[in-house]
Amino acid sequence: MSIARIVLGGEGGQGVQTIAEILAEAAYRSGLEALYIPNFGVEQRGGVSLAFVQLGDEVVAVPKFRRAQVVVALSDRAIQRTADYVTRETTFIYEASAAVDPSFLPREAGRLLPVPAVKLATEHLHPRVFNVLILGTVVGVVDMVEETALKAALEGLLGHKFALKPELRELNYRALGEGRELALTA
Amino acid sequence: MSIARIVLGGEGGQGVQTIAEILAEAAYRSGLEALYIPNFGVEQRGGVSLAFVQLGDEVVAVPKFRRAQVVVALSDRAIQRTADYVTRETTFIYEASAAVDPSFLPREAGRLLPVPAVKLATEHLHPRVFNVLILGTVVGVVDMVEETALKAALEGLLGHKFALKPELRELNYRALGEGRELALTA
Amino acid sequence: MKLQPEPQMPRVWRRESKPHRFCPGCGHPLALKALGEAVDDLDWQDRVVFGCDIGCSLLAWDFFDLDTVQTHHGRTLPVLVGLKRVRPELVPIAYMGDGGAYAIGVQHLVSAAARDEPVCSLVVNNAVYAMTGGQMAPTTLPGQKTETTPYGRDPALSGHPLKGAEMVAAVAAPEAYVARGSVANLRQLKRYLLRALQNPHFSLVEVLASCPTNWRTNAAETWEWVEKEMPRYFPLGELKGGVREEERR
Amino acid sequence: MKLQPEPQMPRVWRRESKPHRFCPGCGHPLALKALGEAVDDLDWQDRVVFGCDIGCSLLAWDFFDLDTVQTHHGRTLPVLVGLKRVRPELVPIAYMGDGGAYAIGVQHLVSAAARDEPVCSLVVNNAVYAMTGGQMAPTTLPGQKTETTPYGRDPALSGHPLKGAEMVAAVAAPEAYVARGSVANLRQLKRYLLRALQNPHFSLVEVLASCPTNWRTNAAETWEWVEKEMPRYFPLGELKGGVREEERR
Amino acid sequence: MPEKQPRFLVRTYRDGKGIFHLFPSLCKGCGLCIEKCPVDTIGWSRELGFLGTPAVEPGHGKPCIACKLCELVCPDCAIYIEKVPVAHPTQAASSP
Amino acid sequence: MPEKQPRFLVRTYRDGKGIFHLFPSLCKGCGLCIEKCPVDTIGWSRELGFLGTPAVEPGHGKPCIACKLCELVCPDCAIYIEKVPVAHPTQAASSP
Amino acid sequence: MTAVIERERRAFLTGNEVVAWAALAAGAEVMFGYPITPQNEIMHYWARLAPRYGRKFLQTEDELSAGYATIGAVLGGVKAFTATAGPGHVLMQEALAMAEMMRLPVVAIITQRGGPSTATVIYSQQEVNLACFGGNGEGFRLVYSVAGLQDLYEYTLKAFGMAWRYRLPTIVLGDGYQAKMRGPVKLFDPARQGIDTGMAAPFLGAAGTPGRERPPVHLRNTYNLEEELLAVVEEQARSFEQVAEQVAEYEEEKREGAAILLVAHGIVARAAQLAAGRLRRRGKAVGFFRPVTLRPFPETALRRAAFEAEMVLVAESAWGQLERLVRASLSGSEVPVQAYRRPGMGITPEELEEELEKILAARKSSGWSRGDEVAARAADATGLAP
Amino acid sequence: MTAVIERERRAFLTGNEVVAWAALAAGAEVMFGYPITPQNEIMHYWARLAPRYGRKFLQTEDELSAGYATIGAVLGGVKAFTATAGPGHVLMQEALAMAEMMRLPVVAIITQRGGPSTATVIYSQQEVNLACFGGNGEGFRLVYSVAGLQDLYEYTLKAFGMAWRYRLPTIVLGDGYQAKMRGPVKLFDPARQGIDTGMAAPFLGAAGTPGRERPPVHLRNTYNLEEELLAVVEEQARSFEQVAEQVAEYEEEKREGAAILLVAHGIVARAAQLAAGRLRRRGKAVGFFRPVTLRPFPETALRRAAFEAEMVLVAESAWGQLERLVRASLSGSEVPVQAYRRPGMGITPEELEEELEKILAARKSSGWSRGDEVAARAADATGLAP
Ligand SMILES: Cc1ncc(C[n+]2csc(CCOP(=O)(O)OP(=O)(O)O)c2C)c(N)n1
Ligand SMILES: Cc1ncc(C[n+]2csc(CCOP(=O)(O)OP(=O)(O)O)c2C)c(N)n1
Ligand code: SF4
Ligand code: SF4
Ligand code: SF4
Ligand code: SF4
Ligand code: SF4
Ligand code: SF4
Ligand SMILES: [Mg+2]
Ligand SMILES: [Mg+2]
């Protein structure tokens with residue numbers, strides 16, 4: 001696979017764009033080609049937030065695509081909004097802390113990967129690293145991004161928060177790790 | 001000649017548009033086809049004012065034209081601005097109360113018709129009927145407009161003034177007459 | 001059968017479109033609550049036409065069980081002026097943000113006020129351009145950081161906050177009604193709106209309102225800003241009295 | 001050789017473009033005479049940039065021996081705001097009609113005033129849209145007949161005359177200079193213009209001016225209108241003092 | 001038509017003088033009510049609101065005095081306060 | 001450059017205390033000066049102005065007092081008033 | 001409403017007067033406008049006449065306001081119109097774009113003047129791009145380019161009918177000449193001539209309490225998702241293409257066997273028609289085609305006409321605006337297109353005659369395939385599409 | 001002025017950031033703007049960066065003011081720019097029309113969003129008409145349609161250079177995708193790469209006292225006579241046509257022997273390029289043409305490319321705006337033009353591949369003249385005009 005295409009969807013406050021931005025930045029720092037584009041509408045909050053990331057070893061010229069290798073959906077509404085991107089080749093990652101109506105899940109997906117990230121984050125770590133945990137899972141699935149690049153990207157985006165609360169850095173690393181593990185075991 | 005084309009030019013306050021409007025209206029009331037269009041620019045006063053009148057027995061579809069059968073110029077600047085419309089067939093009527101630089105006069109004109117309208121109007125009649133005198137000359141030259149139609153058109157445009165000063169009506173009629181005579185004799 | 005408790009929304013709020021699209025803690029829906037109650041009190045659901053501007057106000061395009069038109073940025077007033085001219089029996093409400101009313105559409109505001117167009121204008125002053133992501137508004141406070149004043153608004157470079165209500169009061173007819181309320185005092189705001197709606201002349205009610213999303217404030221800071229900071233520049237009260245006696249209920 | 005007497009035009013008037021294009025008895029050239037003398041007095045021919053609006057003001061596009069730009073209807077202020085932002089050493093004068101300044105361009109006027117843009121605005125208030133042939137202006141007096149108020153301006157339909165200077169004074173910074181003069185008092189007008197030009201903040205001088213062509217007045221009626229009728233609605237005087245002491249010469 | 005209006009799920013709490021109805025599908029967790037409650041009884045609940053963020057509940061401070069400020073300031077009309085019916089009206093009336 | 005400025009034709013009249021210079025090619029005949037002259041000395045002349053309308057001249061009323069109002073109000077700078085030089089300055093100075 | 005013009009009558013009027021009478025006769029209830037030459041007198045006459053017929057007028061603070069107030073009145077359910085030109089037309093596009101998006105039957109009379117920017121107040125055909133495609137949209141509007149005073153009367157009547165029938169913003173595209181020229185025109189009651197001037201109905205504020213007696217009307221022009229917008233615009237496109245077949249109008253003469261097809265719109269079409277006719281009388285094979293609707297463009301008819309010609313000459317008082325529409329319409333055909341461009345200047349039959357003669361001479365000398373001496377058929381066929 | 005970017009470096013930026021950096025590197029002294037999605041972040045970054053480099057920023061009351069203030073700064077003799085989109089772009093036309101008339105080197109970055117009216121804040125290619133022909137004039141402007149972040153950097157630099165060299169208003173036409181997408185881009189000092197970013201000089205307020213030491217400058221955009229305006233516009237047209245030859249730009253691949261020539265501009269061109277390439281690799285004769293300048297349109301190059309093809313397919317996120325330019329450009333040729341229109345929607349290579357396959361299949365079954373199995377030549381020729 002020369003370009004990996006990833007769609008992420010979630011509710012306004014769930015941090016989907018942060019996941020996408022760190023992912024893309026990490027790919028770029030890994031020496032890969034990468035392109036990230038958020039979707040954006042007139043609703044600042046309250047709408048479903050989508051992010052599109054492409055990374056690989058050839059130039060990414062077109063920001064949008066129709067089918068994704070990885071789809072991430074963090075809410076019921078997001079599951080519906082991202083369904084069109086799913087094919088037989090798709091790994092479909094979804095938040096599974098609360099009950100998900102199985103009729104919403106895309107049947108054609110090659111692999112369904114439930115991640116109870118809210119639960120895990122809240123129980124082991126901190127609710128706010130929930131999205132970094134998801135990022136870990138995505139990175140685990142895609143498996144093209146270098147660890148150091150990922151940490152550097154994390155630092156770039158969240159460094160100012162780490163500066164204030166250094167323990168956050170460690171928390172985030174652990175979230176990344178737990179997420180990645182889920183990709184391999186689930 | 002099925003359509004008579006007439007260009008009139010003068011200084012802002014000289015009443016060129018009034019001549020043209022009465023002429024066109026009179027033609028219309030004579031059962032002829034007629035079209036009148038003023039030129040208009042950003043200068044309310046101070047610019048040369050041009051008027052284009054066409055009248056005849058076939059429908060006039062196009063408001064502007066390149067060559068005129070009759071050109072009327074009431075000032076030095078107007079002589080220059082109207083020169084392009086003059087051909088060998090043109091009767092060129094100009095105000096000749098003061099000395100006109102003969103080098104301005106269009107040589108190619110078929111007939112040059114100087115009219116000392118200011119002088120005549122001031123001496124015999126009233127300075128303000130100067131333009132109606134010119135109108136008389138034009139009507140004399142074109143010779144397609146009915147007398148009653150002309151008077152009705154005059155009434156239409158100046159009736160409200162006549163109502164206030166009934167003697168004006170007679171003055172205007174006399175100006176018309178004197179103007180027309182000039183067309184025949186000059 | 002005992003009735004299940006229902007949210008105490010104004011009758012004129014449209015339940016089908018709730019929860020509405022505004023962010024958590026937004027001042028817009030608070031202003032719309034006061035407005036809804038005022039319309040309820042007057043029982044004018046069949047007379048009021050609601051027009052909303054582009055800005056977060058557009059999120060109210062299906063907010064009410066009222067005929068509604070969402071217009072163009074800054075142009076809600078002229079649309080409703082046109083409507084009112086031909087349908088004098090209707091009561092049009094022009095619902096706008098401070099950007100729409102005091103910047104791109106300010107010519108319409110001062111002109112409608114000067115011509116005394118009988119339209120009720122409601123301007124939500126949240127001191128930013130909210131919908132576009134938090135740029136400076138004419139009402140942004142000195143020192144306030146926004147996306148286009150990243151180092152804080154410097155009055156020497158971009159002027160002092162524009163006092164829209166005062167500006168309108170300066171040009172409006174004596175019969176116009178002009179007031180400034182706040183989402184921090186909804187009962188007062190509703191009183192102002194009732195007077196504005198009933199005034200058969202031009203009226204303007206400016207509303208100081210919160211935008212926690214662009215202010216990046218938590219609930220405590222949000223209240224602090226609306227209640228303390230903003231009124232330092234934008235005093236609350238009635239600037240012009242309209243033609244009717246105040247009607248409280 | 002004895003010098004032949006020359007017309008006493010301000011030095012900064014451009015002789016080559018005289019006689020100018022304004023109608024007989026027009027107020028514009030009187031305002032421009034006061035302005036020309038003020039520029040002469042300050043000896044700022046090398047600093048002043050003159051911008052004129054669309055309206056009869058455009059007839060001044062080659063009026064002065066000053067760098068001049070004739071802009072678009074209502075847009076002279078933003079053009080000069082842009083110029084001044086990058087060339088602070090220049091002194092831009094925005095020369096506009098009441099239509100350009102108080103109707104189609106009023107958003108620029110109030111916004112420039114509110115942001116305290118250091119531009120000197122001169123608004124010729126002749127109570128009509130002159131260039132377009134005499135329609136109602138925001139400043140048209142009640143009862144005044146114009147082409148679009150053929151039965152006289154009815155304030156119930158089209159509002160009361162807009163007091164532009166008062167409106168600007170309501171939004172401008174304290175350091176702004178705002179005054180209203182008249183072509184019927186050119187010495188006072190020149191004083192105001194001198195203060196406006198020297199004020200390093202926003203300034204506005206409104207000038208009551210004649211338009212005999214559209215008013216259809218003779219000389220006596222023209223003076224009557226400028227001197228008596230207009231000031232009844234538009235009081236003369238300084239509304240806001242600027243930052244400098246008044247400098248008479 | 002009024003019959004077709006959607007019902008909003010409700011959680012009802014009793015706290016002090018107030019019957020505190022909370023509609024989680026309306027609550028966006030803005031916290032404005034929390035700040036305004038004069039007795040600080042409102043706090044975050046385990047229940048999730050409309051956006052998946054925590055909703056609110058009473059019982060975190062002094063007992064509710066049924067002042068309805070929270071209901072007033074909620075931008076989403078997610079709170080409805082009823083006064084606890086006074087048990088002994090005569091008694092209540094005699095102790096002003 | 002100043003040398004290249006066009007000269008305007010001038011008519012000079014003496015009237016009372018004023019030397020009244022009129023530039024016909026500038027005068028548009030608006031009549032504003034006529035209305036403003038405190039001694040009503042200005043009136044229409046036979047000379048034509050810029051637009052072919054009559055220009056103005058002094059001598060139609062009381063003698064000019066050289067107040068320069070006409071010069072001030074002329075929108076076209078078509079009038080230039082000089083004071084008639086005082087013949088006997090010493091005498092003039094002694095009679096205040 | 002009683003008829004404004006009871007009996008058919010001839011009158012000697014300027015174009016701007018004609019528009020005011022037509023709007024009255026069409027039942028327009030209100031006009032909003034801002035002064036600009038050369039449309040001013042539409043406002044002047046309307047302001048004078050309106051009170052007599054119980055109609056309304058408001059002079060707004062600018063053209064934006066005039067456009068949006070017209071929208072407001074239309075929303076209220078009355079026939080309303082505005083008029084502007086040149087720079088005002090540029091501003092008016094903001095409101096027209098909203099009308100396009102929301103399919104509001106706004107009627108605008110445009111009297112083109114010289115451009116760009118303030119330019120001249122006189123005349124031109126430089127606002128074709130703007131009228132057809134101004135705004136940030138796809139130009140789903142009706143644009144009637146009129147060619148004379150009678151046209152101005154009839155198409156102004158028709159504009160209201162079409163706007164309300166199809167719910168499309170409709171422009172009557174005139175120019176300064178037609179606005180200011182005075183000539184004879186026949187006024188009549190549209191109802192008696194079977195001209196539909198439209199039935200207005202309220203978009204907002206209809207009877208019944210919204211949310212109780214009827215659903216509320218919620219109009220918007222903003223969408224949150226690309227997919228929503230695509231669906232809206234595609235639906236508009238489909239509907240516009242359907243409408244196009246019904247409303248596209250043109251006028252043509254003698255296209256069979258024409259060596260040159262002379263294409264022009266508006267008042268220039270009248271000069272073109274005369275020039276083509278004169279040449280035909282002199283035995284030259286010159287046809288004439290006038291698109292009456294510029295949006296939708298009478299593409300099929302033009303193709304039919306042009307495919308029979310050896311070349312097309314487009315004449316306009318602009319620098320290639322009609323020409324671009326003609327070229328695009330003739331896509332896929334080899335017929336060469338030439339242009340006669342006079343931005344901001346009137347065009348006379350004489351100069352077109354000269355131009356045509358020049359082209360014919362040049363082609364002849366270069367061995368042109370089809371003879372230019374083909375006798376012109378006697379009868380000129382003038383076709384006006386439905 | 002010291003170079004903003006000393007050494008060439010790669011960065012991972014959004015398009016809006018790229019524009020801000022490019023404007024800084026080009027030596028723009030000031031930006032005027034009014035918020036609108038999706039261009040906002042150009043303003044945000046500029047507002048943040050400008051003070052560090054001694055540049056200026058002003059947020060104006062609307063887009064009219066932003067456009068005119070940009071004109072004012074240009075008149076003062078500095079490189080200045082603005083940015084807008086959608087409805088703001090509509091308003092901006094008033095100022096651009098004045099810049100066109102007075103030939104002022106105003107630079108505007110347009111990030112297209114859905115239309116008409118407010119529509120969506122996201123993406124589209126529906127502002128081609130506006131960018132090229134908005135305003136009441138003839139569209140004498142330069143319009144660069146960019147296709148990716150690197151393009152955005154280079155053409156923003158170039159826009160200043162061209163604007164000032166030719167004294168023409170210049171538009172960099174992007175879109176919401178390109179504005180908001182984040183990817184790798186190479187930043188460099190234009191001077192070192194020989195990219196001309198223009199020399200600014202004052203139009204007004206140059207040294208010397210006007211009327212004494214030099215003649216005064218009197219700029220206007222209004223004329224009193226038709227003849228005056230005609231002369232001005234004709235002169236502009238002549239000069240624009242000369243410029244056109246020097247500045248028209250395009251990109252093309254494999255046009256010889258192409259059965260289908262796929263034409264697209266902007267970001268859609270990237271999808272088109274990929275789709276055409278993939279089909280060629282599968283042995284289908286599909287060429288690709290991308291106009292880089294939409295004004296002037298690279299007509300000669302397109303004609304050359306299209307005449308070798310059997311048909312042209314135009315793909316765009318609009319309803320026929322590029323298509324109209326293509327059709328008009330191919331005037332006089334029989335090559336058929338087909339369209340793939342997705343107003344307001346992104347276009348992916350996959351859907352274009354499908355569309356092309358469908359067309360190829362249909363043509364094959366209907367007995368297409370030129371084989372679609374012509375082996376694509378190995379090397380793709382990519383041509384960038386001077
Ligand atoms: C002509 C035009 N320019 C700019 C925009 C972009 N825009 C949309 S909303 C908005 C500002 C909204 O601010 P405000 O009016 O204060 O409302 P708020 O969102 O703060 O409630 C802007 C600039 C637009 N839609 N149309
Ligand atoms: C956008 C636009 N709208 C309208 C016009 C037409 N127009 C030219 S001047 C003018 C009014 C001038 O009135 P004012 O500003 O009062 O100046 P005056 O002529 O009275 O001095 C108008 C409406 C225009 N040129 N541009
Ligand atoms: S961005 Fe601000 S104003 Fe807009 S909905 Fe959110 S909180 Fe309210
Ligand atoms: S129309 Fe009026 S304002 Fe214009 S030049 Fe003439 S007198 Fe002056
Ligand atoms: S009713 Fe008053 S006391 Fe009770 S919870 Fe609400 S705010 Fe607190
Ligand atoms: S104010 Fe309303 S929405 Fe906000 S937290 Fe309280 S109940 Fe929830
Ligand atoms: S100077 Fe005074 S007195 Fe003499 S003519 Fe002039 S106005 Fe009259
Ligand atoms: S004021 Fe001047 S222009 Fe007018 S009449 Fe007197 S001299 Fe002539
Ligand atoms: Mg706001
Ligand atoms: Mg005026």
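Because only heavy atoms are used, hydrogens play no part in the values below, and waters and symmetry mates are left out as well, while side chains stay in. Proteins come first, then strands; the chains are lettered A, B, ... in the order of their sequence lines, and each starts at number 1.
- Just one of C:Val106, C:Leu109, C:Val171 meets the side chain to side chain contact (heavy atoms under 4.5 Å, CB included) condition when paired with D:Val110; it is C:Val106.
- With a threshold of 4.5 angstrom between heavy atoms, C:Leu157 approaches chain D through its backbone and through its side chain.
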Determine which donor-acceptor pairs between chain C and chain D fall under 3.5 Å and list them with their distances.
residue	atom	partner	partner atom	Å
C:Arg85	NH1	D:Leu157	O	3.1
C:Arg85	NH2	D:Leu157	O	2.7
C:Leu157	O	D:Arg85	NH1	3.1
C:Leu157	O	D:Arg85	NH2	2.7

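- With a 4.5 angstrom heavy-atom cutoff, C:Ala103 touches chain D only via backbone atoms.
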